[in-house]
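So you know, we letter chains A, B, ... as the sequences are listed, proteins then strands, and number each from 1.
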2 protein chains.
Amino acid sequence: MSKKTTIYDIAKELNITAATVSRALNNNPKISSKTKELVFETAKKMNYEQNKLALALKSGKSYNVGVIVPRIDSNFFSSVIRGIEEELYPAGYHVIICQTHDQEELEIKNINSLLNAQVDGVLMSISNGKLEENDSFNRLLEKNVPLIFFDRKKEINNVSSVTIDDFNGAYMATKHLIDQGCKRIAHLSNNRKLEIFRNRYLGYKQAILDNGLEFDENLIEEIQSKVLEGRSTVKRFLEMDRPPDAIFSSSDFTALSAVQEIKAHGLKIPEDICVVGFSNEPFTRFMELSITSVDQSPKEMGKIAAQVFLEEVKNSKKIKSEKHVVLTPELIIRKSSLKILKNKKAKI
Amino acid sequence: MSKKTTIYDIAKELNITAATVSRALNNNPKISSKTKELVFETAKKMNYEQNKLALALKSGKSYNVGVIVPRIDSNFFSSVIRGIEEELYPAGYHVIICQTHDQEELEIKNINSLLNAQVDGVLMSISNGKLEENDSFNRLLEKNVPLIFFDRKKEINNVSSVTIDDFNGAYMATKHLIDQGCKRIAHLSNNRKLEIFRNRYLGYKQAILDNGLEFDENLIEEIQSKVLEGRSTVKRFLEMDRPPDAIFSSSDFTALSAVQEIKAHGLKIPEDICVVGFSNEPFTRFMELSITSVDQSPKEMGKIAAQVFLEEVKNSKKIKSEKHVVLTPELIIRKSSLKILKNKKAKI
DNA sequence: CTGTTAGCGCGTTCAG
DNA sequence: CTGAACGCGCTAACAG
């Protein structure tokens, strides 16, 4: 109701200029401490609050940062966001969260909207599209809007990224299955045009080869990470002449569907077949049959992505240089893959 | 890199005034269609894009709307948000999502931040705090920022809300358990200072009383909706002299913990004890032992909340009037409570 | 140390 | 139908 008080109001109150008030409020050293005090006092008294919009117009900065993720209802992404928030709020930034639902058109729309909202930067995990000639990234770069990828990245000049070592995570997971005595390990993959899934595939493959197991293309399938779609693939696996004795999934959600399908077939986990997922979603721990998974320290990832952004903003004048942070994944071993007791160090 | 083109640039290009350009762009009827065409053409040619910040400063509108939820990694809230987005994006608004993590201090901080960001409205589901003398809501109202509650609301003058009929949802769920032959139905409640949990409690109670069952206070416990906290309570229930034969939980997450604890005790679901949750989170469907739950049509809820907001903005001059939309919940019956085959209509 | 002036980009009178 | 001028709230440049 009551009109917002501006620096002019408090200037009039004190018989000084708005400029002086502005300087005082910004702690400009050229202002006498007396007037500063006075200004701060009456500012408080009059319930003054800085108009961010005017500041934004003037400075060209909106203090808004866009975060684009495939979806927010996976613990991985919501945790990354949490990390970003924790780092960015104290720095005075706001976070605008957008979802692509893995649709490229939405991704482009989101980028345009954020550009339109004059965001100071964009932190994103790219969507699962064809990705061939999507130039929306370039539009960001043209406008000099810092862009930082996390998790799902793409190689672009001058664009920094924060990821985990997906190759190694997959390698560890597969090696663990091999250590458990598994000989035919299937892999539920995902769109391998995305680096993360390609790297998980490669890590899996390397572990197979390094350990003298047979590498069988038939045991690999590229599916969407939807719970239901995974089941048919697993069904096919189980009905093979030589079915797998383990499944390494590049997603916890497909790992879940694998568990369901395996049980439906009357097989036992981990006795008949072991299962390992990826992401360490909370449900993998809470299930009665807990699922082994690879943790990606998502909150940490978000924090670091935010830090990289803040640095880029600070050094905006200097020549941009890419920064690529790679976090180390951790294998969380649970029931779904634990055939052998830890201390036995069995050798099959 | 290249300076953004403004209406001045395109004015100079055409030897007219910025004002004319502005009017043309806004389809002001007083502009000749010829100049309009011309303006639109060159605007496109010069890659003109409206500076929202300037517009915001001028109009006092930021075209940003704040959405505050306890957390985003529950399907319920992320679906509500999805609904809000679908309604608000086409109207030119952006959505800033904030999480309270059920901490009142964060709630207050979020409101202040949003206020600071000059949002045009706030849609929120209140947090699980003491809630006694929290005046941050009033600060919104004082500044005439439309506030709309969804799901978790609070009675405040001039504040609209969108909720489901929690009483009835709980009543239906409890009645269903009674129809299944259950006689001692426990209730996992939650902070009953929040209307939703109070109403679910009341619906449960009413169903018990209406059907001549014994209402036993010992079978009710007010817990946080954390998976782990629930287990100890269920443990206590199961170790009673006369343990319950059903559990109605006001949250799917505690329902999940109940299932785990019951299984750990070697009891069978639904034969020995039935379980019903609330919210219809996806995992209730995907679990091997699927859980009966009450669906809250979250996306619909989000859409309606957004519509109510848009209306309030449109009629900002008129006297504000509260609007309270109450959606009808739906009981989704699954394995965890299905003792009796549907068609038998048994009567115990 | 502080006042004056100007401009960020837009919409909106008020004239013509 | 269109131009000139102003103001939104703030900061930065230039004076003094």
Side-chain angles (χ1 to χ4, degrees), chain A residues 2-40 42-43 46-64 92 115-120 143-144 316-317, chain B residues 2-40 42-43 46-64 92 115-120 143-144:
Chain A
S2 57
K3 209 82 186 79
K4 281 203 61 161
T5 74
T6 73
I7 51 174
Y8 285 95
D9 301 326
I10 115 159
K12 197 180 294 175
E13 186 77 13
L14 294 174
N15 277 323
I16 53 176
T17 330
T20 309
V21 176
S22 169
R23 285 187 276 244
L25 257 22
N26 290 316
N27 244 315
N28 186 314
K30 296 182 181 178
I31 296 288
S32 73
S33 45
K34 286 184 186 175
T35 32
K36 266 188 201 174
E37 269 184 49
L38 219 54
V39 168
F40 273 109
T42 54
M46 299 178 75
N47 279 322
Y48 168 77
E49 285 175 38
Q50 194 185 43
N51 185 330
K52 292 270 181 185
L53 262 32
L55 180 57
L57 177 60
K58 178 70 184 171
S59 66
K61 292 191 61 172
S62 66
Y63 283 98
N64 272 142
L115 230 26
N116 204 8
Q118 233 100 354
V119 292
D120 296 342
K143 305 212 173 194
N144 252 339
S316 62
K317 290 150 199 167
Chain B
S2 56
K3 211 81 183 76
K4 280 202 61 162
T5 75
T6 74
I7 51 174
Y8 285 94
D9 301 325
I10 116 158
K12 197 179 295 175
E13 185 77 12
L14 294 173
N15 277 322
I16 53 175
T17 331
T20 309
V21 176
S22 168
R23 283 188 275 245
L25 258 19
N26 288 315
N27 244 314
N28 186 315
K30 296 184 182 177
I31 296 289
S32 73
S33 44
K34 286 184 187 175
T35 32
K36 266 188 200 172
E37 268 185 49
L38 219 54
V39 167
F40 272 110
T42 53
M46 300 179 73
N47 279 321
Y48 169 76
E49 284 175 38
Q50 194 185 43
N51 185 330
K52 292 271 181 186
L53 261 33
L55 179 59
L57 176 59
K58 179 68 183 171
S59 66
K61 292 191 62 172
S62 66
Y63 283 97
N64 273 141
L115 231 26
N116 205 10
Q118 232 100 353
V119 292
D120 295 342
K143 304 212 173 194
N144 251 338

Inset, instruction - Please report the shortest heavy-atom distance between Leu53(B) and Asn51(B), naming the atom on each side. - result: N-OD1, 2.7 Å
Pairs: protein N or O with nucleotides 12-16 of chain D N or O, under 3.5 Å:
from    : atom 1 : to       : atom 2 : distance (Å)
dA13(D) : N6     : Arg23(A) : NH1    : 2.8

Legend entry - Sequence-distant partners of Ser32(A), side-chain hydrogen bond (donor to acceptor under 3.5 Å, both in side chains), two or more places apart: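 Once residues adjacent in sequence are excluded, the partners of Ser32(A) under the side-chain hydrogen bond (donor to acceptor under 3.5 Å, both in side chains) criterion are Thr35(A).
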Nearest whole Å is fine: how far is [N] [atom2] from [X] [atom1]?
X         : N       : atom1 : atom2 : value
Ile10(B)  : dG9(C)  : CD1   : C1'   : 13 Å
Tyr48(B)  : dG9(C)  : OH    : C1'   : 8 Å
Leu53(B)  : dC8(C)  : CG    : C1'   : 10 Å
Glu49(B)  : dC10(C) : CD    : C1'   : 15 Å
Leu25(A)  : dT2(C)  : CG    : P     : 14 Å
Gln118(B) : dG9(D)  : CD    : P     : 9 Å
Lys52(B)  : dG11(C) : NZ    : P     : 10 Å

Inset, instruction - Measure the CG-OG distance between Leu55(B) and Ser62(B) for me, rounded to the nearest 0.5 Å. - result: 10.0 Å
Legend entry - Candidate nucleotides dT2(D), dG9(C), dC10(D), ranked by approach to the side chain of Thr20(B) - the nearest: dT2(D)
Legend entry - Residue closer to the 5' end of DNA chain D, Ile16(B) versus Leu57(B) (nearest nucleotide):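 Of the two residues, Ile16(B) wins.
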Legend entry - Most 5' of Thr17(B) and Ala18(A) on DNA chain D, judged by nearest nucleotide: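 So the residue in question is Thr17(B).
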Inset, instruction - May I ask you to list the residues of residues 31-40 of chain B, by number, that have any heavy atom positioned under 4.0 Å from an atom of DNA chain D? - result: Ile31(B), Ser32(B), Thr35(B)
Inset, instruction - Scan for salt bridge (Lys or Arg N to Asp or Glu O under 4.0 Å) pairs involving residues 46-61 of chain A, sequence neighbours excluded, and state none if there are none. - result: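 For residues 46-61 of chain A: Glu49(A)-Arg139(B), Glu49(A)-Lys143(B).
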Inset, instruction - State, to the nearest 10°, the angle formed by the axis through the first five base pairs of the helix from dC1(C)-dG16(D) to dG16(C)-dC1(D) and the axis through its last five. - result: 50°
Legend entry - Short side-chain N/O contact to dG11(C) OP1/OP2 from Tyr8(B), under 4.0 Å: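 Tyr8(B) to dG11(C) OP1/OP2: no side-chain N or O under 4.0 Å.
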Legend entry - Side-chain N,O (Asn51(A)) to OP1/OP2 (dC8(D)) below 4.0 Å: no
Without placing hydrogens or testing angles, list every side-chain donor-acceptor pair under 3.5 Å for residues 16-27 of chain B, not counting sequence neighbours.
from     : atom 1 : to       : atom 2 : distance (Å)
Asn26(B) : ND2    : Ser22(B) : O      : 3.1
Asn27(B) : OD1    : Lys36(B) : NZ     : 3.2

